[in-house]
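Let me begin by presenting the structure, written as structure tokens, before commenting on it.
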Amino acid sequence: MVYFDEQPKSKMSDLFGREKEVEELMESLRKRKLTLILGLRRTGKTSVLLTSLDELKFPYLFIDFRGLGDRMYYTHQDFVNFLERSFTEFLKRHGDIAVYLRSIEGVSIRGFEIKFRREERVDLISIFNSLDEWAGKKKLKLIVAFDEIQESKKIVGLKLQPIIAYSYDHLSNVSFVMSGSEMGLVYKFLQVDDPKAPLYGRYISEIKLENFSEEKSKEFLIKGFKQFKMKVDEQLIKYAIKKFDGIPGWLTFFGVESVRKKRIANEKEIDRILEKATKLALLELNNFLEFHRATERYKILIRTLSRGPAKWSELKEEISLREGRTIRDRSLANLLNTLIAHSIVQKEDGEYKIADPIMAAAAKKL
Ligand code: ADP
Ligand code: MG
């Protein structure tokens, strides 16, 4: 039982304060065919997902799209290599599925290693049909987990939606769970409200992870330090909580660093951790800017919001002033919606603001 570990948790005993969410997710995985788990970066989505799967004891295929890497685009071949790794892991746990998969054209299995034929597209529908058949024979439900699903759009030509829709309609023993940090992009990916989209009208149950409250953050840190028999310094804990704003991942990192030093990180060191967090957020921001047109306009918006929440009219004025002519409402709406979709900006009480304090610190450095 250790809270301060940088890896995502996969055991209930290592996961703090998410009993309700794990219970909800398990319930949904039992009953529903499509489940979403949403929350900003480092709120613990992967941890809640892995822990729920572990508790549930259903067989599962885990596909972590962050595992693809940092590039902007991936080829189908990259995807195939990546998929082979996930399936190989599955085969190690459930060797008897080999018989089912082997009969699919383009699939070959040697030992636990699975290979998909190079030149063609992987026939995911046949593969999911086999998984369904296997699970049905065993009277089990099989879960396919897509972690950070919005990243799958980087794979050129891959269309997962029709495959998920097919499975929803025809496979009774397979359910899907998808996580995403960039909520707007996840909804855009699923398109359940678009009558022309494959997943239109399908029911998706949703679980949202919030940051820890101040009280919960405190309890988490105190319990975490107790596990390592470390003396708790209330002042420093208070300082850390103020700085990390209840983001579970950064609170954990603060714990990990303190354990490494064998004493609780002091204010200076906390600031340094915050700097590291800010650097990461800045990297994300620059990544976003690099791959979007209208870079300058985004920069103006982000910089303006880094000074505090702002109204539509203020943002409009700021851009218009800089450019020397009035920006069209439609253009501004597009820019803001894109920032919201990427979980960089949030709209709250009619005002726009940077989504979290670490992103806000990064925005100041842009
Ligand atoms: P996400 O998938 O949302 O980015 P992760 O599950 O990877 O978040 O969690 C980020 C970090 O925070 C990991 O080191 C993880 O171990 C830790 N963590 C997150 N939530 C909890 C929790 N409830 N209890 C203990 N550690 C947590
Ligand atoms: Mg994750």
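Only this structure's heavy atoms are used, side chains among them; waters, hydrogens and symmetry mates stay out. These figures come from a predicted structure and were not determined experimentally. Remember, it's 1-based here, ligands and their atoms both numbered in the order they're listed.
- Ser47 lies apart from the Mg ion (ligand 2) in this respect, since none of its N, O or S atoms is found at a distance under 2.8 Å.
- At a heavy-atom distance under 4.0 Å, only backbone atoms of Asp14 (N, CA, C or O) approach ligand 1.
- Of the listed residues (Leu251, Asp5, Thr252), the one carrying the non-hydrogen atom nearest atom 17 (C) of ligand 1 is Thr252.
- Listed by atom number, the atoms of ligand 1 under 4.0 Å from Lys45 heavy atoms are 1 (P), 2 (O), 3 (O), 4 (O), 6 (O), 8 (O).
- Taking each heavy atom of Lys141 and Arg32 in turn, the nearest pair found is NZ-O, 3.7 Å.
- Short contacts between ligand 1 and Lys9, defined as distances under 4.0 Å to a heavy atom of the residue, involve ligand atoms 15 (C), 16 (O), 17 (C), 25 (C), 26 (N), 27 (C).
- When every heavy atom of Leu158 is checked against every heavy atom of Ser152, the shortest pair comes out as CD2-O, 4.2 Å.
- Applying side-chain contact (heavy atoms from CB on, under 4.5 Å) to Tyr298 and the options Ile344, Leu339, Leu366 leaves one that passes, Leu339.
- Set against the non-hydrogen atoms of Gly249, the atoms of ligand 1 under 4.0 Å away are 10 (C), 11 (C), 12 (O).
- Using cut-offs of 30° and 60° on the angle between ring planes, the pair Phe4 and Phe225 is perpendicular.
- Those atoms of ligand 1 with a heavy atom of Arg42 less than 4.0 angstrom away are 1 (P), 3 (O), 4 (O), 8 (O).
- If you check the side chains of Thr252 and Glu6, you find no donor sitting under 3.5 Å from an acceptor.
- Using 4.0 Å as the threshold, Phe220 has a heavy atom nearer than that to some atom of ligand 1.
- At a 4.0 Å heavy-atom cut-off, ligand 1 touches Arg18 through the side chain alone.
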Exercise. Under the side chain to side chain contact (heavy atoms under 4.5 Å, CB included) criterion, do His292 and Thr338 qualify, and how do the steps go?
Worked result: CA-CA 10 Å; His292 283 80; Thr338 305; 3.9 Å; yes
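- Near Glu6, the atoms of ligand 1 lying under 4.0 angstrom from a non-hydrogen atom of the residue are 13 (C), 14 (O).
- Taking a 4.0 Å cut-off on heavy atoms, Leu50 fails to register as neighbouring ligand 1.
- Below 3.5 Å of separation, one finds an N or O of Gln7 facing an N or O of ligand 1.
- A salt bridge is defined here as a Lys NZ or Arg NE, NH1 or NH2 lying under 4.0 Å from an Asp or Glu carboxylate O, and Glu275 with Arg272 fails to meet this definition.
- Looking at every heavy atom in both residues, Asn266 comes nearest to Leu236 through CA-CD2, 3.7 Å.
- Contact between Phe212 and ligand 1 is present, with at least one heavy atom of the residue lying under 4.0 Å from the ligand.
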For this session: Start with the C-alpha distance between Lys218 and Glu215, add both sets of side-chain angles, then the distance that settles salt bridge (charged side-chain N to carboxylate O under 4.0 Å, His left out), and finish with yes or no.
Result: CA-CA 5 Å; Lys218 189 171 168 189; Glu215 208 176 313; over 6 Å; no
